[in-house]
Protein chains: 2
Amino acid sequence: MTLDERKKRILESIIKDYVESAEPVGSRAIVKKHDLRVSAATVRNEMADLEDMGYLEQPHTSAGRIPSESGFRYYVDCMMERENLVEDEVELLQKILKDNLQDWDEVIQSIGNFLSQVTRYTSFIIVPTVKFDEFKYIQLVPVEKGKAMVIVVTDTGVLMHRRIDIPQSVETKELQSINEVFNRLFARKKFAELRKTDLQSLRDELNQRKKVIDGILEAIENLTENTGEEKVVISGILNMLNEPEFKNLDKLKKILAILEEESVLKALLPEATGDTVDITIGRENRLDDAKEMSIVLAGYKIFGEVGRVGVIGPVRMEYWKAAGTVDSVRTIIDEVLKKHY
Amino acid sequence: MTLDERKKRILESIIKDYVESAEPVGSRAIVKKHDLRVSAATVRNEMADLEDMGYLEQPHTSAGRIPSESGFRYYVDCMMERENLVEDEVELLQKILKDNLQDWDEVIQSIGNFLSQVTRYTSFIIVPTVKFDEFKYIQLVPVEKGKAMVIVVTDTGVLMHRRIDIPQSVETKELQSINEVFNRLFARKKFAELRKTDLQSLRDELNQRKKVIDGILEAIENLTENTGEEKVVISGILNMLNEPEFKNLDKLKKILAILEEESVLKALLPEATGDTVDITIGRENRLDDAKEMSIVLAGYKIFGEVGRVGVIGPVRMEYWKAAGTVDSVRTIIDEVLKKHY
DNA sequence: GTTAGCACTCTCGTTTGTTGAGTGCTAACC
DNA sequence: GGTTAGCACTCAACAAACGAGAGTGCTAAC
């Protein structure tokens, strides 16, 4: 269903005004403000048409119109032009990233802050579990009497560790030789090949240092099983409070409940689909409690896995800015990851 | 200034009722509910006295009384009996901790969740920077062509790492020998002794593998300088929304702004003082924006440093429950830390 | 097809009146 | 002297009534 130019023009005017003011917009107002070359009465007729088509709705008879979710959807799909980050902003982000590059957690946090500050919405970043294929290196470090640390480095450069108990009698020398055995056995070993039976046979083989070996094997099993959940980082929740649609405490509570509970949030966010920016508007969301929110989301790649980054805000969202920003940020993340990891 | 029994009784009744209902409490109401053996008129007279002393205040003439901050202070200091965790709760917490013991971050998160769920207030935990004295172990692990990872284990069992670039030409064998040199030099070296001049002389000494060494030294310098900030973990922010005093959006915004910004929150929370539970009521707080909140806080010990744990809520707080719970949790943390680290 | 004019609708803010909880004071009581 | 019943008074909270203003839909003229 395609609209004629004038209807498009009117729909756009209403959307822009409504997004800015959060108030229903009337015929007179847009004629004045957007210099449409027709009278308010004409606009009213067109607005009635747009309402029939489902793109506008009226909170009550004597109010102006507001865009319906379909209206936003039409605009986003057929009319919208993204506003990408301007050069200054890109440089700022790149600088921020460079300054924090050593610490991955910091990088994520910074991106989240940046995104929520630029868009004025709440941002989220999902960091996927980086699966690993191979053991790169295993090290056993004595920490204090009776305690040691098992350190595993994977081919993707992920560092994992577990504390284990060891018999007090074991010498550092001995640990060193156990170390070597492990490294010989595991080096370049595909993770997928490491089945429990393997671990078992290893256990038998090294039976004489049973206690220590058991501890290590258990730690490794534990590490490989529990490869860690996806991590979710939220930033700029405070921005939600500025949206007039969430002045209502009950609504606010529902929204914060979603944002505070990782599992719920994960259930809400759509999968990342390829290289596109995905926009979910209002009732399109999977959760009923999120039916007044919209999500703008893009995927980024990290070690073969796909992470997600985006913003979440009211249906009355500056989609053009949000989509452009999220897309730019995704691109920058991809670049930085490619370069440095 | 000490109060006679009846005044105490009345003050307590008012505090209990007010904390429960968040409404001013009238003379009739407490006579009925708390079975004081006098009439409402008598209570009114006593209440007038208590108001003169500054322990009660009246929102407006024809309303009941509410406890003033001094009233709460008097109650907390002179009358309150803490309600510690009951045995079931203690066991639950211990179990939660045991299940997550391998991952320190998880432990902290669990404690925070537990605390906010039990008290129904917002909980916070500050994990101090664990300073370290000695290098325990340094390892250089090649990750991929041109990249390696420097892993440092300290005497306190903290694991730190940095990625560095290395010339593609360097062989794994070579890395191994560099490794050994480092471990020989650093082992048991007090951190305090490691001055830049030392690093410089080392640089000279190992001049021939300059590129690699430089990278490593830089990473180590970087690690020791930036020993990491204290970490702050907040949990149960949502509980704030249930407090009627924060129904007002502006107040809520101020509070969430404090909770969201780590630096501000750190500025607000008082230092931990020895083994006592510290209670800060309303305007006693350092920040003006926090003048309607109270903080209940205790210190715990970790590797010689002091961390802080507690809850934050409205002035109208169940101090007895909060103080008891925080104290119990502190004790349990201390025990668990002592046992497992 | 477009536009001016106009009656109509509905929200929002203000005002006014009513209700009820709670107080402070006084006078009587023990 | 301390305690209590009685009563007039105060004030917030709620509801009903009202007017103003914004915006619409319809009709008739251009």
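Chain naming here is simple, since letters A, B, ... match the order of the sequence lines and numbering starts at 1 in each.
When the C1' atom of C/dT23 is taken as reference, atom CD of B/Gln58 falls 7 Å away, rounded to whole Å. Atom-to-atom, NE2 of B/His60 to C1' of C/dG24 comes out at 15 Å; the value is rounded to the nearest Å. Note: CE (B/Met47) to C1' (C/dG24) measures 12 Å, nearest angstrom. Spacing between atom CZ of B/Arg37 and atom C1' of D/dG2 amounts to 16 Å, rounded to whole angstrom units. A/Leu36 places its CG atom 11 Å from the P atom of C/dT3, with the value rounded to the nearest Å. In this structure, the CD atom of A/Glu46 is 7 Å from the P atom of C/dT2, given to the nearest Å. Across the protein-nucleic acid pair, B/Asn45 atom CG and C/dT23 atom C1' stand 11 Å apart, rounded to whole Å. Atom-to-atom, CG of B/Leu56 to P of C/dG22 comes out at 15 Å; the value is rounded to the nearest Å.
Of all heavy-atom pairs spanning A/Pro67 and A/Leu56, the tightest one is CA-CD2, 3.9 Å.
Nearest to the side chain of B/Arg65, among C/dG24, D/dT24, C/dT3, sits C/dG24. Side-chain proximity of A/Thr42 to C/dT23, C/dT2, D/dT4: nearest is C/dT2. Of all nucleotides listed (C/dG5, C/dT23, D/dA5), C/dG5 comes nearest to the side chain of A/Arg44. If you check D/dG25, C/dT23, C/dA4 against the side chain of A/Ala41, the one that comes closest is C/dA4. The side chain of B/Arg6 lies closest to D/dT3, out of D/dT3, C/dT2, C/dG24. Here the nucleotide nearest the side chain of A/Ser62, chosen from C/dT2, C/dT23, C/dT9, is C/dT9.
Phosphate proximity of D/dC11 to B/Thr61: present, with a side-chain N or O under 4.0 Å from OP1 or OP2. The side chain of B/Ser27 places an N or O atom within less than 4.0 Å of a non-bridging phosphate oxygen (OP1 or OP2) of C/dT23.
Residues passing the side-chain contact (heavy atoms from CB on, under 4.5 Å) test with B/Ser70, sequence neighbours excluded: B/Tyr55, B/Ser68.
Under a 4.0 Å N-O distance rule, the pair B/Glu284/B/Arg73 qualifies as a salt bridge. Ion pair A/Glu69/A/Arg283 flagged as a salt bridge, since at least one NZ, NE, NH1 or NH2 atom sits closer than 4.0 Å to an Asp/Glu carboxylate oxygen. Under a 4.0 Å N-O distance rule, the pair B/Lys254/B/Glu292 does not qualify as a salt bridge.
Summarising the base pairing, C/dT26 is matched to D/dA5 through a Watson-Crick or G-U wobble pair whose two defining distances lie under 3.5 Å. In this entry D/dC30 has C/dG1 as its Watson-Crick or G-U wobble partner, both defining distances falling under 3.5 Å.
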